[in-house]
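The structure appears below as structure tokens.
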Amino acid sequence: MVGMRGAYGGGGYSNGNESRPLGAAAAAPMTTSTEIASMAVHKVAPPPPQSTASKMKARVKETFFPDDPFRGFKGQPLGTQWLMAVKYLFPILDWLPGYSLSLFKSDLISGLTIASLAIPQGISYAKLASLPPIIGLYSSFVPPMVYAVLGSSRDLAVGPVSIASLVMGSMLRDAVSPSGEPLLFLQLAFTSTLFAGVVQASLGILRLGFIIDFLSRATLVGFMAGAAIIVSLQQLKALLGITHFTTQMGLVPVMASVFHHTKEWSWQTILMGVCFLVFLLAARHVSMRWPKLFWVSACAPLASVIISTLLVFLFKAQNHGISIIGQLKCGLNRPSWDKLLFDPTYLGLTMKTGLITGILSLTEGIAVGRTFASLKDYQVDGNKEMMAIGLMNVVGSCTSCYVTTGAFSRSAVNHNAGCKTAMSNVVMALTVMVTLLFLMPLFVYTPNVVLGAIIIAAVIGLIDFPAVYQIWRMDKMDFLVCVCAFAGVIFISVQEGLAIAVGLSVFRVLMQITRPKMTVQGKIMGTDIYRDLHQYKEAQRVPGILILAIEAPINFANSNYLNERIKRWIEEENSTQNKQTELHVVILDLSGL
């Protein structure tokens with residue numbers, strides 16, 4: 001076999017005075033192995049010499065500052081640089097000086113609309129986290145105000161979300177009973193929120209946002225679908241009127257608990273729950289079918305709360321098996337820094353809970369923010385968003401709030417209502433403030449079954465069947481990751497399901513690095529183009545030549561594999577070739593590296 005006499009990696013070769021470049025996935029025109037062997041190959045020029053410090057500086061800058069956030073500071077006077085730095089830290093200073101009455105009108109409508117959704121959802125999600133309902137309203141007041149100052153998204157509507165509420169409640173319940181030790185449970189929730197905020201802000205400050213990229217789309221689709229089903233199953237307690245319900249989250253124990261307590265089922269509760277669930281799902285369908293009627297689904301939860309509360313009050317339904325929220329105290333958020341608990345007994349639990357809920361809520365918030373930013377053609381700085389969401393939760397942990405982020409359902413309503421700036425979050429927060437100060441007695445007779453129906457209607461949209469089908473068509477390995485995430489959440493637990501999915505995603509990345517794809521190239525007849533024989537049926541092998549394209553970087557982790565795989569390919573070629581077409585040359589196409 002004739003060996004290669006040069007390197008093919010973005011360079012080319014010449015035959016006489018004629019120079020031909022090597023294509024992205026093809027070798028240059030050739031006919032026989034003799035001509036190949038006689039070609040003089042141009043060598044790739046080495047890069048300009050650099051010191052080790054310069055190389056390290058360039059690598060660190062590209063890794064942690066790929067967007068070069070300080071490029072606008074260059075050449076500016078010192079005073080201008082300070083002003084730009086303040087605006088970078090507080091994005092509100094960018095849009096507030098030019099704020100107008102016309103913008104406020106749009107934000108006012110958006111803020112009031114999302115407030116009608118945030119109030120019932122805040123109460124419902126707090127109960128999902130096994131926290132007092134008032135904590136959900138507290139978490140819809142202070143965090144949105146903080147985000148309006150620090151956040152860069154115009155569309156993100158901040159507040160409690162179902163997944164973070166579910167995870168926090170399930171993890172803390174494993175150690176402490178919310179009914180047996182309510183104060184301790186509340187302290188652990190606030191402390192976990194503090195750690196979640198610290199993790200989120202640290203990722204932004206240290207420019208480590210790429211870590212959340214390990215939560216691939218397939219992982220998130222499977223996890224969200226599984227979590228949505230688990231959340232819905234947990235609401236069977238309220239929908240059926242069951243008093244003694246399991247504290248476990250898996251599918252099997254939940255269904256076993258449901259059918260073991262059939263004597264506790266209340267037909268009045270079931271009737272009310274089914275009626276309002278159908279109403280909420282119908283409103284959601286109307287808004288999806290006709291986007292201009294977005295306000296129908298936005299106002300449906302609050303309308304459900306009002307109507308159900310009136311029904312319970314008029315017919316004294318609390319005396320007929322329908323449980324109600326009960327008395328809620330009026331007043332704004334109380335300081336809670338004295339409730340932060342750093343007892344070594346629970347420190348590991350709160351740190352773990354904060355880490356998991358922080359990563360989940362951060363991923364959801366950034367994904368939602370980027371989605372709506374792309375629709376309006378503006379940029380959202382991911383690292384800045386991490387700092388904003390993190391600091392928002394740190395402040396929230398000191399003001400009786402639990403983990404919050406940008407929720408997709410509220411953000412979609414905010415976007416469709418025509419919001420222009422983050423002022424819509426301020427309007428929503430002020431509306432919640434008025435509710436906390438004056439309207440809390442109105443929620444005394446609100447039935448728990450309606451809150452359960454609101455949660456089910458909100459999380460059902462997390463089950464994305466078209467995305468699952470698309471993942472199946474595009475990549476079967478990604479589909480396996482999606483299914484494992486879904487099954488892990490359903491049959492084991494929320495956190496273990498997420499860990500399994502992330503582990504599979506990381507394993508897949510490692511497999512792609514250590515086992516890079518290699519293809520055999522052939523010449524498309526009538527052209528000078530070389531392509532993969534398996535993808536292009538019209539491509540044909542060049543007699544006596546084996547062209548192998550390596551489609552991944554070569555490094556220490558895959559060098560032995562590549563060496564062994566090339567040798568095996570050569571042995572296979574020699575065993576199948578006849579004497580007339582004996583293998584003479586092996587060409588490695590490295591132009592993709």
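- Applying the ring-ring contact (aromatic ring centres under 6.0 Å, His included) rule to Tyr99 yields the partners Trp95; only residues at least two apart in sequence or on another chain are considered.
- Considering every non-hydrogen atom in both Asp464 and Val221, the closest pair reads O-CG1, 4.4 Å.
- Checked by atom type and distance alone, the side chain of Ser216 pairs as donor or acceptor with a backbone atom of Thr219 at under 3.5 Å.
- Without hydrogens or angle criteria, Ser139 side chain to Gly159 main chain gives no donor-acceptor distance under 3.5 Å.
- Here the side chains of Cys330 and Phe438 are not in contact, with every heavy-atom distance at 4.5 Å or above.
- Side-chain contact between Val305 and Phe443: present, with at least one pair of heavy atoms (C-beta onward) separated by less than 4.5 Å.
- Shown here is Lys384, whose NZ atom has more than 12 heavy atoms of other residues, nucleotides or ligands within 6.0 Å.
- Here the CG-NZ distance, from Leu183 to Lys339, works out to 7.0 Å after rounding to the nearest 0.5 Å.
- A 4.5 Å side-chain heavy-atom check between Asn333 and Cys401 finds at least one atom pair inside the cut-off.
- The closest side-chain donor-acceptor pair between Thr405 and Gln200, if any, does not fall under 3.5 angstrom.
- Ser257 contributes no side-chain N or O that, together with a main-chain N or O of Phe245, makes up a donor-acceptor pair within less than 3.5 Å.
- Using a 4.5 Å heavy-atom threshold, the side chains of Gln187 and Leu340 count as separate.
- Within a 6.0 Å radius of CZ in Phe372, other residues, nucleotides and ligands contribute more than 12 heavy atoms.
- Annotation for Met84: atom CE counts as buried by contact number, over 12 foreign heavy atoms lying within 6.0 Å.
- Within the 4.5 Å cutoff, no side-chain heavy atoms of His415 are placed close to those of Ser424.
- Under the 4.5 Å side-chain criterion, counting only non-hydrogen atoms from C-beta, Thr309 is not in contact with Val450.
- With a 4.5 Å cut-off on side-chain heavy atoms, Leu186 and Ile135 count as touching.
- Here the rule is side chain to side chain donor-acceptor pair (under 3.5 Å) with Asp107, and of Asn414, Asn425, Thr421 only Thr421 fits it.
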Check against side-chain contact (heavy atoms from CB on, under 4.5 Å), Ile500 and Ile492 | CA-CA 10 Å; Ile500 290 171; Ile492 306 177; 3.8 Å; yes
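- In this structure, Ser165 OG and Gln121 CD are separated by 10.0 Å, a value rounded to the nearest 0.5 Å.
- No more than 12 heavy atoms of other residues, nucleotides or ligands shown are found within 6.0 angstrom of NZ on Lys352.
- Of the possible polar contacts, none joining the Ser287 side chain to the Arg284 backbone as a donor-acceptor pair under 3.5 Å is found.
- In this structure, Asp475 contributes its side chain and Ile471 its backbone to no donor-acceptor pair below 3.5 Å.
- Between the side chains of Ser152 and Tyr378, no donor-acceptor pair is found at a separation under 3.5 Å.
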Can you list the steps and then say if Ile163 with Val459 is a side-chain contact (heavy atoms from CB on, under 4.5 Å)?
-> CA-CA 9 Å; Ile163 302 301; Val459 301; 6.0 Å; no
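- Of all non-hydrogen atoms in Gly365 and Leu156, the two that sit nearest each other are O-CD1, 3.7 Å.
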Given the rule in the side-chain contact (heavy atoms from CB on, under 4.5 Å) test, do Thr357 and Phe195 qualify, once you have shown the distances and angles that lead to the verdict?
-> CA-CA 9 Å; Thr357 56; Phe195 283 122; over 6 Å; no
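- Residues Leu280 and Pro301 meet the side-chain proximity criterion, which asks for heavy atoms closer than 4.5 Å.
- Within a 6.0 Å radius of OH in Tyr469, no more than 12 heavy atoms belonging to other residues, nucleotides or ligands are found.
- The backbone N or O of Cys419 lies less than 3.5 Å from no partner atom in the side chain of Ser106, so there is not a single donor-acceptor pair.
- When atom types are taken as modelled, the side chain of Thr191 and the backbone of Leu341 share a donor-acceptor pair closer than 3.5 angstrom.
- Pairing each heavy atom of Pro160 with each of Ser140, the nearest pair is CD-OG, 3.5 Å.
- Without hydrogens or angle criteria, Ser400 side chain to Arg334 main chain gives a donor-acceptor distance under 3.5 Å.
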